Amino acid sequence: MTKTLLLIHTGGTISMTTDERGAVTPGLHNPLLGEINKLGLADEIIEIDAFNLPSPHITPAHMLELKELITRTLLEQPADGVVITHGTDTLEETAYFLDLTLDPKIPVVLTGAMRSADEIGSDGVHNVLSAIRVASDDGSQGKGVLVVLNDEIHTAQNVTKTHTSNVSTFQSPQYGPIGIVTNGHIHYHHAPLMRTRFNVDKLGGRVALLKVYAGMDSEFLFHAADAGYEGIVLEGLGQGNVPPSLMPGLQRLLTDEIPVVLVSRCFNGIAQPVYGYEGGGRMLHEEGVIFAHGLSGQKARIQLLLALSSGITPEEIAESFKGH
Ligand code: ASP
């Protein structure tokens, strides 16, 4: 059965071409626009050219705008699924933002491309077609926001860009894709168990993401507190530890009631309060650091920003990270 789909373009390599200098750049016109409808994959494709931005130019404000555009458009014009084309650099952040803020009854799928529209072996049209097939599939409902590239279906929560240029860049470390796209079918073999959601209609607060390294001192943490940051995400070491020289800065943030969320800089596994030495996870936990189990730093940052923007209590913020 064919369906009605909403196709929203936001830019990225998928809609870029090579200029006279040989550099990949967005043109005035998105080459995909109007082309997908001609393939007859759905009864109707409602196409919206929302932004034409490289994804390093996408901010949380654009993500909120996108969420509102989807909600508003679906109220005016019901559809069976939503497909969003997006640059791959920050695609995972937009996908997780939408996952945390939308409550769609229909599938919402993000896709992109590693090769520009005019490059040999361009993966853009193939990925859009796969995303349309996934968004049209009844099995895609209730799985949260999905990311489809290179014939794989990933959850917004776990997917990350792992390679600078390879078309198989999107992976879900630790968990793998939840399904695959073949010539004839959409096959699911996993389903996410839990999702978190926030009611947000405007964004407030600045949240920084800092990577922890051997010998790191507290200077940036003191600076963050002085500069008025409202939340900090730390990509800590191993199972969730930091050098002792970071403790004074952490204590300052926590005394100022600035929430500190800890993830691991290891991309597999879960940060947990295991070690009892100075700067070890147990000490961090006792001081009030929130452990974001299994999220990447960039996803935890989006979540902390949304949690702060939703006006929930500090206890509820900490609770919201427990599901991962
Ligand atoms: N730099 C590009 C972007 O994110 C990469 C891509 O789309 O693949 O806009």
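These numbers were taken from a predicted model, which means no experiment stands behind them. Just so you know, ligand 1 is whichever comes first in the structure, and atom 1 is the first atom listed for that ligand.
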(Q) Please determine whether salt bridge (Lys or Arg N to Asp or Glu O under 4.0 Å) holds for the pair K211 and E235, giving the CA-CA distance in whole Å, both sets of side-chain angles, and the decisive distance to 0.1 Å. (A) CA-CA 5 Å; K211 192 174 196 123; E235 257 185 40; 3.4 Å; yes
Q: Among D99, T155, L146, find the one that has a side-chain contact (heavy atoms from CB on, under 4.5 Å) with P192.
A: T155
Q | Test applied, side-chain contact (heavy atoms from CB on, under 4.5 Å); reference residue, I232; option that passes from L250, V207, L209, I258 | A |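 Considering L250, V207, L209, I258, a side-chain contact (heavy atoms from CB on, under 4.5 Å) with I232 is found only for I258.
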Test your reading of the structure: does [X] have an N or O sitting under 3.5 Å from an N or O of ligand 1?
{"X": "T88", "result": "yes"}
{"X": "K161", "result": "no"}
{"X": "T13", "result": "yes"}

Under 4.0 Å to a heavy atom of [X] - the qualifying atoms of ligand 1, by number:
{"X": "G12", "answer": "7 (O), 9 (O)"}
{"X": "G87", "answer": "3 (C), 4 (O), 7 (O), 9 (O)"}
{"X": "P56", "answer": "3 (C), 4 (O), 9 (O)"}

(Q) Taking D138 first and then K3, would you say they form a salt bridge - that is, a charged N and a carboxylate O separated by under 4.0 Å? (A)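 Judged by the 4.0 Å cut-off on N to carboxylate O distance, D138 and K3 do form a salt bridge.
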Q) Do any heavy atoms of A113 fall under 4.0 Å from ligand 1? A) yes
Q.
Less than 4.0 Å is my threshold; does some heavy atom of G11 fall inside it relative to ligand 1?
A. no
(Q) Can you tell me how far apart CD (E152) and CD (Q171) are? Round to the nearest 0.5 Å. (A) 6.0 Å
Q: Considering only non-hydrogen protein atoms, determine which one is nearest to atom 4 (O) of ligand 1 and report residue, atom name and distance to 0.1 Å.
A: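 Looking at atom 4 (O) of ligand 1, the protein heavy atom closest to it is S55 OG, 2.5 Å.
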Q: Looking only at protein heavy atoms, identify the closest one to atom 1 (N) of ligand 1 and say how far it is in Å.
A: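 Answer for atom 1 (N) of ligand 1: D89 OD2, 2.8 Å.
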Q: Would you kindly check if the NZ (Lys) or CZ (Arg) of K67 is within the cone defined by 45 degrees around the ring axis of F97 and under 6.0 Å from the six-membered ring centre?
A: no
Q | From CA spacing to verdict: side-chain contact (heavy atoms from CB on, under 4.5 Å), K143, V109 | A | CA-CA 10 Å; K143 293 189 168 64; V109 182; over 6 Å; no
